[in-house]
S.K.: 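Just dropping this structure here.
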Number of protein chains: 2
Amino acid sequence: MLSIGELSRQTGVKIPTIRYYEQMGLITAPERTAGNQRRYSRAGLGRLSFIKHARDLGLKIEDIRELLTLSAQPDMPCAEANRIAANHLAAIRARIARLQSLEAELARMSTCSAENIKDCYVIESLSNHALCAKNHT
Amino acid sequence: MLSIGELSRQTGVKIPTIRYYEQMGLITAPERTAGNQRRYSRAGLGRLSFIKHARDLGLKIEDIRELLTLSAQPDMPCAEANRIAANHLAAIRARIARLQSLEAELARMSTCSAENIKDCYVIESLSNHALCAKNHT
DNA sequence: CGCTATATCTATAGAAACTATAGCTATCCC
DNA sequence: GGGATAGCTATAGTTTCTATAGATATAGCG
């Protein structure tokens with residue numbers, strides 16, 4: 001049985017965020033001690049880790065809720081889970097592409113050695129329109 | 001002179017967002033028509049594009065405010081702008097790495113052809129802890 | 001010129017996903 | 001048993017927008 005603090009340490013999810021998730025119905029309310037403190041089981045840890053992963057990977061709370069609902073029904077076909085994953089795949093590939101062009105741009109920028117702002121790559125680069133259509137979503 | 005709607009179309013920033021930026025002091029209040037509607041100059045378009053770029057690239061509003069302030073002082077050294085860019089570079093490289101491992105994971109996931117949830121990659125992958133330390137920030 | 005469809009205006013509220021605060025209560029450890 | 005540390009609830013604040021309502025302006029057409 002884990003206290004909320006331990007659960008937080010083990011999952012990397014902050015304490016108020018755990019309580020927030022409980023309030024949002026993403027995790028089920030855990031047992032309480034006689035003194036009203038939350039005590040989490042191993043299953044609770046697993047579920048929160050699942051949520052943490054999914055959040056880190058950019059899934060929205062509502063998507064996660066769907067996945068959790070799905071995963072609670074082990075005999076349903078997994079097409080729906082696939083759909084959710086595939087949706088995110090497209091979005092994520094777009095993000096990667098954008099970030100990579102940004103990376104190049106920033107790398108160039110941060111080597112700028114101009115003496116003053118008017119010749120600074122950073123400013124110029126952010127002002128420059130030429131690459132908009134290609135680089136941004 | 002551009003109306004707010006045209007400015008929105010040309011920059012891809014939504015109208016309420018433009019007004020929000022004005023309220024936040026990121027862009028200066030533009031001229032108004034006799035009937036009190038905003039009319040933007042070419043300079044206004046440039047500035048909003050700058051902001052749009054920076055936001056797309058993940059800079060926080062406060063960072064952008066700093067950059068805008070800096071760029072208004074063309075004789076300052078650009079070390080500060082460099083610092084901001086370099087800061088973001090590290091963060092962005094980390095994000096790219098994470099997203100790439102996610103991409104692989106999702107790509108694998110979304111090819112899942114299990115008949116039902118209990119064998120579905122998507123669910124399993126999100127439940128699996130083994131790769132946490134490596135894949136997530 | 002007048003009319004109507006479309007665009008803007010302000011002010012306010014709501015959304016998403018947390019994060020922080022205040023004031024009070026449990027637990028743990030020596 | 002007494003104090004440090006951790007947890008409780010409820011509420012408010014943060015960030016970056018987005019939506020709505022009700023009123024006004026502007027543009028295009030005949």
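The chains referred to below are lettered A, B, ... by the order of the sequence lines, with proteins before strands, and numbering in each begins at 1.
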S.K.: Select from Ile61(B) and Tyr40(A) the residue whose nearest nucleotide in DNA chain D is closer to the 5' end of that strand.
M.R.: Tyr40(A)

S.K.: Which pair of heavy atoms, one from Arg55(B) and one from Ile61(B), lies closest together, and at what distance?
M.R.: CD-CD1, 3.9 Å

S.K.: Mind calculating the distance between CD (Glu62(B)) and C1' (dC17(D)) to the nearest angstrom?
M.R.: 15 Å

S.K.: By side-chain hydrogen bond (donor to acceptor under 3.5 Å, both in side chains), which residues pair with Ser3(B), not counting sequence neighbours?
M.R.: Glu6(B)

S.K.: Of Leu2(B), Ile18(B), Val13(B), which meets side chain to side chain contact (heavy atoms under 4.5 Å, CB included) against Ser8(B)?
M.R.: Ile18(B)

S.K.: Give me the first and last nucleotide of DNA chain C, going 5' to 3', that has any atom under 4.0 Å from a heavy atom of chain B.
M.R.: dT8(C) to dT10(C)

S.K.: Between Ile15(B) (CD1) and dA21(D) (C1'), how many Å, whole number?
M.R.: 16 Å

S.K.: Mind checking what makes side-chain hydrogen bond (donor to acceptor under 3.5 Å, both in side chains) contact with Arg39(B), not counting sequence neighbours?
M.R.: Gln37(B)

S.K.: Between Ile15(A) and Gly5(A), which heavy-atom pair has the shortest distance, and what is it?
M.R.: CD1-CA, 3.9 Å

S.K.: Could I get a table of every N or O pair under 3.5 Å where one atom is in the protein and the other is in nucleotides 9-11 of chain D?
M.R.:
unit_1	atom_1	unit_2	atom_2	d
dT9(D)	OP1	Arg32(A)	NH1	3.2
dT9(D)	OP1	Arg32(A)	NH2	3.0
dT9(D)	OP2	Arg38(A)	NH1	2.9
dT9(D)	OP2	Arg38(A)	NH2	2.9

S.K.: Given that Lys14(B) and Arg9(A) both sit by DNA chain D, which one's nearest nucleotide is further toward the 5' end?
M.R.: Arg9(A)

S.K.: Determine, using the 4.5 Å side-chain heavy-atom cutoff (strictly less than), whether Met24(A) and Ile4(A) are members of one ILVMFWY cluster.
M.R.: yes

S.K.: What pairs with Arg32(A) under side-chain hydrogen bond (donor to acceptor under 3.5 Å, both in side chains), at least two apart in sequence or on another chain?
M.R.: Asn36(A)

S.K.: How far apart are the C-alpha atoms of Gln10(B) and Leu7(B), what are their side-chain angles, what is the distance that settles it, and do they pass the side chain to side chain contact (heavy atoms under 4.5 Å, CB included) test?
M.R.: CA-CA 5 Å; Gln10(B) 292 193 28; Leu7(B) 184 66; 5.7 Å; no

S.K.: Toward the 5' end of DNA chain C, which comes first, Thr17(A) or Gln37(A), by nearest nucleotide?
M.R.: Thr17(A)

S.K.: Can you pull the side-chain hydrogen bond (donor to acceptor under 3.5 Å, both in side chains) pairs that have at least one residue in residues 15-31 of chain B, sequence neighbours excluded?
M.R.: Glu22(B)-Arg38(B)

S.K.: To the nearest Å, give me how far apart CE (Met24(B)) and C1' (dC17(D)) are.
M.R.: 10 Å

S.K.: To the nearest Å, give me how far apart NZ (Lys52(B)) and P (dC17(D)) are.
M.R.: 10 Å

S.K.: Using atom CD of Glu6(B) as one end and atom P of dT26(D) as the other, report the distance to the nearest whole Å.
M.R.: 14 Å

